[in-house]
Novice: 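Encoded as structure tokens, here's the structure I'll be asking about.
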Amino acid sequence: MKNNRKAAAALAVLAAMLLCAACNMEKAFDLQYDRTGQTAAVTDAAAQPTQLPPEGTTLLPTTLPVTEAVTTAAPTTVPPTTAPQLSAQEVIDLYANAVNLTRGYQGTLSVHHTETFSGDVVEAKPLGALATTLANTVMGMISDPHDATLTFTNGVGVNEDGETVPILLPKAGAFSLPAEGVRNAFMDTANGMRHVVINLVSETVDYGGVPYYNSGAIGYLDTSRLNFKVVQINSCEITYTGSVIDAYIRDDGYLDSVTYTVNLHVAAGVTGLGITGSGVMEGVENETWDIQW
């Protein structure tokens, strides 16, 4: 009887737990996206956590030209003499130009790449406390952080899983982020470079759904690729509660480093072996790209 109760507890939270595992093992940020697919429902962004510009900063419009990479020599960093103050749209454009320029660099670069995931099951039924403890224990066992130095030539390299990928995210397609997908964005100066922070709006999708803004800017958890075999997913709601792009841009327009943060809230209902249960998981994935010019 005790073993049956444990099986029930594990089954009740399996959906949330495996979604968490997939976020880590399938590389949420590296999955291919289809911008012609489902468009996510956008939730109220005002209630989400944010990163605000430093006190005293005023955002004023300016214009930045789009540049193209044409050189094979590693550029040098020159600290900017002034800090142009940009509108949110211009911050997005500045970052997009830096991504395109860096991806178009015609030479060989080393990148220190790290990726970590942390998550907790905050609710599980039936056997709430037991199921939650079990699920959190299993998630600790499946954690698979990455920390490696990768080599990219002409913007393309091989990642830790042996996949050929472009430098920076998203993995498939060019960076794309319309202004309506951004809650706020700002730029200041730090370490002799332009420091850009872009906070995305919250997005909620069902099982198999594509979060429109996250998919074009960073990546997403592709639940359509998951196969639970003996478990049937009755319901699944994934909320990207406010992803963040935190980047440093050299004065020559190339990216020096980028940190991507994706905050997730997953609520799932599952049935299997005659048992029906549900679980709620909250987690955060961090991925950094530190380019060694």
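Only heavy atoms go into these numbers, but all of them, side chains included; no hydrogens, no water, no symmetry mates.
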Novice: Measure the spacing between CG of Leu168 and CZ of Phe152 and express it to the nearest 0.5 Å.
Specialist: 7.5 Å
Novice: Between Thr288 and Thr259, does the side chain to side chain donor-acceptor pair (under 3.5 Å) criterion hold? Intermediate values first, please.
Specialist: CA-CA 4 Å; Thr288 64; Thr259 298; 5.4 Å; no
Novice: Kindly compute the distance separating CD1 (Ile92) from CZ (Phe175), expressed to the nearest 0.5 Å.
Specialist: 7.0 Å
Novice: Do any N or O atoms from the side chain of Asp161 and from the backbone of Glu163 form a donor-acceptor pair under 3.5 angstrom?
Specialist: no
Novice: Ile218 and Ser243: which non-hydrogen atoms are nearest, and at how many Å?
Specialist: CD1-CB, 3.9 Å
Novice: Write down the atom of Thr241, the atom of Ser202, and the distance for their closest heavy-atom approach.
Specialist: CA-OG, 3.9 Å
Novice: Looking at Leu255, is its backbone amide N or carbonyl O close enough to the side chain of Arg250 to form a donor-acceptor pair, meaning the two atoms are under 3.5 Å apart?
Specialist: no
Novice: Nearest 0.5 Å, please: how far is NE2 in His265 from CD in Glu237?
Specialist: 7.0 Å
Novice: Examine distances only and state if a side-chain atom of Glu203 and a backbone atom of Val201 form a donor-acceptor pair shorter than 3.5 Å.
Specialist: no
Novice: Ignoring hydrogens, what is the shortest heavy-atom contact between Val205 and Pro211? Give both atom names and the distance.
Specialist: CG1-N, 3.7 Å
Novice: Which residues satisfy the side chain to side chain donor-acceptor pair (under 3.5 Å) test with Glu160, sequence neighbours excluded?
Specialist: His113
Novice: Looking at every non-hydrogen atom in both residues, tell me the closest pair between Pro170 and Gly216 and how far apart they are.
Specialist: CG-O, 3.5 Å
Novice: Going by the side chain to side chain donor-acceptor pair (under 3.5 Å) test, name the single residue among Asp188, Asp256, Thr189 that passes it with His195.
Specialist: Asp188
Novice: Closest heavy-atom contact between Gly242 and Asn263?
Specialist: O-ND2, 3.1 Å
Novice: Apply side chain to side chain donor-acceptor pair (under 3.5 Å) to Thr151 and list each qualifying residue two or more places apart in sequence or on a separate chain.
Specialist: none
Novice: Any side-chain donor-acceptor pair under 3.5 Å between Thr108 and Thr153?
Specialist: yes
Novice: Distance from Leu264 atom CG to Tyr240 atom OH, nearest 0.5 Å?
Specialist: 6.0 Å
Novice: Any idea which heavy atoms bring Ala190 and Tyr248 closest together, and the distance?
Specialist: CB-CE2, 3.8 Å
Novice: What do the steps show when you test Asp290 against Ser257 for side chain to side chain donor-acceptor pair (under 3.5 Å), and what is the final call?
Specialist: CA-CA 4 Å; Asp290 187 5; Ser257 64; 5.0 Å; no
Novice: So if you build clusters from Ile, Leu, Val, Met, Phe, Trp, Tyr with side-chain heavy-atom gaps below 4.5 Å, do Val284 and Tyr260 land together?
Specialist: no
Novice: Using side-chain heavy atoms (C-beta onward) and a distance below 4.5 Å, is Val196 in contact with Ile198?
Specialist: yes
Novice: Calculate, to the nearest 0.5 Å, the distance between atoms CE and CE belonging to Met187 and Met193 respectively.
Specialist: 13.0 Å
Novice: Taking only residues two or more places apart in sequence or in another chain, which ones pass side chain to side chain donor-acceptor pair (under 3.5 Å) with Asp147?
Specialist: His112
Novice: Atom CG of Leu177 and atom OH of Tyr212: how far apart are they, to the nearest 0.5 Å?
Specialist: 10.0 Å
